[in-house]
Amino acid sequence: MGGGRTLYRGVSLLDRRRPAALAVEGETIAWIGDDHDAASWVDGATEVRALDGTLLTPGFVDAHVHLAMTGHALRGLDLAGARSRVEALERLGVHTSRSGDVVVHGRGWDDTSWPDGTLTGPDLDRAAGGRPVYLGRVDGHSGVVSASLVSRVHGLREADGWSAGGRVERDAHHLVRQHLATLSDPSHRAATIGTALRAAAAAGIVSVHENAAPHISPLEDVDVVRALAASEVLPHVVTYWGARDAYADARAYGVAGLAGDLNIDGSLGSHTAALHEPYDDRPSTIGHQYLEADEVAEHVVGCTRAGLQAGFHVIGDRASATLVEGLRRARDVLGTDTLRAARHRVEHLEMPSGADLELLAQLGVTASVQPAFDAAWGGSDGMYAARLGKDRSHGMNPLAAMAAIGVPLAFGSDAPVTPLAPWHAIAAATRPQAGGQALSLAQAVHAHTVGGWRAARIDGTGRLEPGAAAHLAFWEVPAGAQAAEAAVAGEARCVRTVVSGRTAYEMASSVA
């Protein structure tokens, strides 16, 4: 598909009770209306599809992903859901016996509630028979490595964040991931990234924002993504490079901004998010901060003048305050109108103050947020409460407050940290664990569609209306169910994804 006219009939829409129809011509939506008015669009149609009861939505945008890491997670050892250290090591042993990889690669473990302690390098040595192993924690900000891998990474033992037990975080973790990237040739990286993009399409996602950075993936992955897009229909990719003073690289590779995972701090799970007060479960630390306010300001000013988006990874309340102070200093140099026009962004933003949100709204900074974080780690017994205590954790991820004060929102998954699952994110945003901070369904869908396009400075996209790009997702819901309720309840299954009028995914035998 991609030329001529395709007419979809009998579909359900989130905001209409009666069956609807939609006509696509080339890459564009030509018409949308009630199904009983569709007869005049049949003549001249190359294809007419009867989709009685199928839910049609705009295709979703995932505003924060790591494609190579997601592909590795989908193709490698997934430790998500491991309930103990022993179970994680058992999974590692089974996987190692079947894997021929130079380095056994796994991720997704979360030791917050494990009854038998955490993973160590000697654990990995025993379970994997001495083979090189890297296992990344679920949040992506720390990991554990085997002795044989340590010996391969130059300078690892001297790096900040190295632990003699094999735990790596901060600079040590970056060194390990940079080493792992050197082991993959372009064809392997293309296969891995392609796996992630096809999984996104199968989840009803039509665009992703690749949040790359030197400590995550090589800049050459931008070329890999473009080569894949030229060879098959895949979700649209907006690329960001999380590095300072990389203006020449930005021009050479055509990235949208020096943004994404340009870290002001780390993560709560790894005790590296920057806090004003110590962690409840580790009172000896207030986390780690990579950038100060003057460095934030310098980056924002430089990107604005270069016509690029600036953006930062921000988790803790101290990091949020640093971001806002840096933005305030940049505003003093450039003025409010200039900064608003630049449409900069911030990733995660889990612990902002009300004053922080006021300035972000004033400067038009988009909050690229992950509602599934609350579903995974919120609540009175979750990881957030363990790290921060119930009082501090209760006010995290204030999405409704962000929306009310006028901070533009874009939803993402941070895949592979949480899965590529838009309806799960919408459910989390509309049914938060803490209560009292819920978005409406319309607000949540907007943040996962229009908001995602807008976050990349792409306007006029993400709605089902004539003249808009034909980025579409079709969902099978249980017979007789109310479509929106079924989707939010996790009962909607993607059966077809259309990117710019062309099919990027179709589930076999599901769409007539």
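Nothing here was measured: the structure is a model prediction, and the numbers come from that model.
- Taking the six-membered ring where tryptophan is involved, the planes of H313 and H348 are perpendicular, since the angle between them exceeds 60° and thus also 30°.
- We find the CE-OG distance between M351 and S320 to be 9.0 Å, quoted to the nearest 0.5 Å.
- Taking the six-membered ring for Trp and the full ring otherwise, F60 and F411 have centroids separated by 6.0 Å or more.
- V224 approaches A190 most closely through the heavy-atom pair CG1-CA, 3.5 Å.
- Take H66 and apply the ring-ring contact (aromatic ring centres under 6.0 Å, His included) test, not counting sequence neighbours, and it matches H64.
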### Task
Evaluate the side-chain contact (heavy atoms from CB on, under 4.5 Å) criterion for residues L7 and R49: first the C-alpha distance (whole Å), next the side-chain angles of each, then the deciding distance (0.1 Å), finally the verdict.
CA-CA 6 Å; L7 180 63; R49 288 183 169 249; over 6 Å; no

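- Between D35 and R18, the closest side-chain pair of non-hydrogen atoms is not below 4.5 Å.
- Remark: R463 engages no residue in a salt bridge (charged side-chain N to carboxylate O under 4.0 Å, His left out) (not counting sequence neighbours).
- Side-chain contact check for L360 versus L323: some heavy-atom pair is nearer than 4.5 Å.
- Side-chain contact between V103 and V133 is absent, with no heavy atoms from C-beta onward closer than 4.5 Å.
- Considering only heavy atoms from C-beta on, F373 stays 4.5 Å or farther from M396 through its side chain.
- Taken from CG in D43 to CZ in R5, the straight-line distance is 8.5 Å, to the nearest 0.5 Å.
- When all heavy atoms of A367 and V407 are compared, the closest pair comes out as CB-CG1, 3.8 Å.
- To the nearest 0.5 Å, atoms CZ (R496) and CG (L472) are separated by 9.0 Å.
- Under the ring-ring contact (aromatic ring centres under 6.0 Å, His included) criterion, H344 pairs with no residue, sequence neighbours left out.
- Sorted by first and then second residue, the salt bridge (charged side-chain N to carboxylate O under 4.0 Å, His left out) pairs with a member in residues 222-238 read R198-E232; sequence neighbours excluded.
- Listed for the D265 side chain is a donor-acceptor partner under 3.5 Å among the backbone atoms of I315.
- Between H72 and H188, the ring planes lie tilted relative to each other; the angle falls in the 30° to 60° range.
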Under the side-chain contact (heavy atoms from CB on, under 4.5 Å) rule, what do R454 and T366 come out as? Steps first, then yes or no, please. CA-CA 9 Å; R454 186 192 178 283; T366 296; 3.4 Å; yes

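- For the residue pair Y240/Q309, the side-chain donor-acceptor check at 3.5 Å is satisfied.
- In this structure, the side chain of T449 does not engage the main chain of P58 through any donor-acceptor pair within 3.5 Å.
- Without hydrogens or angle criteria, Q433 side chain to A375 main chain gives a donor-acceptor distance under 3.5 Å.
- Under the 4.5 Å side-chain criterion, counting only non-hydrogen atoms from C-beta, V24 is in contact with Y8.
- No side-chain donor-acceptor contact under 3.5 Å links D414 to the backbone of G412.
- Distance check, rounded to the nearest 0.5 Å: CG of L77 to CG of D101 gives 10.5 Å.
- A donor-acceptor pair under 3.5 Å links the side-chain atoms of Q482 to the main chain of A484, judged by distance alone.
- A donor and an acceptor atom, one from each side chain of T195 and R75, are located under 3.5 Å apart.
- Taking 4.5 Å as the limit, every side-chain heavy atom of L55 sits out of range of all side-chain heavy atoms of V11.
- With hydrogens and angles ignored, the 3.5 Å screen pairs no side-chain donor or acceptor of S207 with any backbone N or O of V237.
- Closest approach of A410 to A63, counting heavy atoms only: CB-CB, 3.9 Å.
- Between the side chains of E347 and S368, at least one donor N or O sits under 3.5 Å from an acceptor N or O.
- Between R343 and D459 there is a salt bridge, with a side-chain nitrogen of the basic residue lying less than 4.0 Å from a carboxylate oxygen of the acidic one.
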Could you walk me through whether V498 and F474 pass side-chain contact (heavy atoms from CB on, under 4.5 Å), step by step? CA-CA 9 Å; V498 174; F474 298 85; 4.1 Å; yes

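- Under the 30°/60° scheme for interplanar angles, the aromatic rings of W453 and H236 are found to be tilted.
- Separation of atoms CH2 (W31) and CD (E25) is listed at 12.0 Å; rounding is to 0.5 Å.
- Of the charged side-chain nitrogens involved, at least one lies within less than 4.0 Å of a carboxylate oxygen, so that D221 and R189 count as a salt-bridged pair.
- Across every non-hydrogen atom of V346 and L349, the tightest pair is CG1-CD2, 4.1 Å.
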R431 vs E485, salt bridge (Lys or Arg N to Asp or Glu O under 4.0 Å): CA-CA, chis, key distance, verdict: CA-CA 12 Å; R431 302 171 181 177; E485 292 177 2; over 6 Å; no

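- Salt bridge status for R137 with D110: present, with a side-chain N to carboxylate O gap under 4.0 Å.
- Here M69 contributes atom CE and N211 contributes atom CG; the two are 11.0 Å apart, rounded to the nearest 0.5 Å.
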Requested in this report: For side-chain contact (heavy atoms from CB on, under 4.5 Å), just list the numbers for L409 and L439, CA-CA rounded to whole Å, side-chain angles, deciding distance to a tenth of an Å, and then say yes or no.
Outcome: CA-CA 11 Å; L409 295 179; L439 294 180; 4.1 Å; yes

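- Shown here are the ring-ring contact (aromatic ring centres under 6.0 Å, His included) partners of Y505, two or more places apart in sequence or in another chain: there are none.
- Contact detail for A243 and L258: the closest heavy-atom pair is O-CB, 3.5 Å.
- The pair R16-D34 meets the salt-bridge criterion, with a side-chain N (NZ, NE, NH1 or NH2) lying under 4.0 Å from an Asp/Glu carboxylate O.
- Looking at Q437, its side chain does come within 3.5 Å of a backbone N or O of A401 through a donor-acceptor pair.
- Remark: side-chain polar atoms of H471 are not paired, donor with acceptor, to backbone N or O of T461 under 3.5 angstrom.
- Here the side chains of I216 and R177 are in contact, with some heavy-atom distance below 4.5 Å.
- In terms of heavy-atom proximity, P466 sits nearest to A30 at CB-O, 3.8 Å.
- A donor-acceptor pair is defined here as one N or O able to donate and one able to accept, closer than 3.5 Å; no such pair exists between the side chain of W475 and the backbone of L56.
- Here the side chain of R107 pairs no donor or acceptor atom with the backbone of G140 at under 3.5 angstrom.
- Pairs of residues two or more places apart, or lying in two chains, that qualify as salt bridge (charged side-chain N to carboxylate O under 4.0 Å, His left out) and include a residue from residues 243-255 are R244-E295, R244-E298.
- Contact check for E27 versus R502: no side-chain heavy atoms found under the 4.5 Å cut-off.
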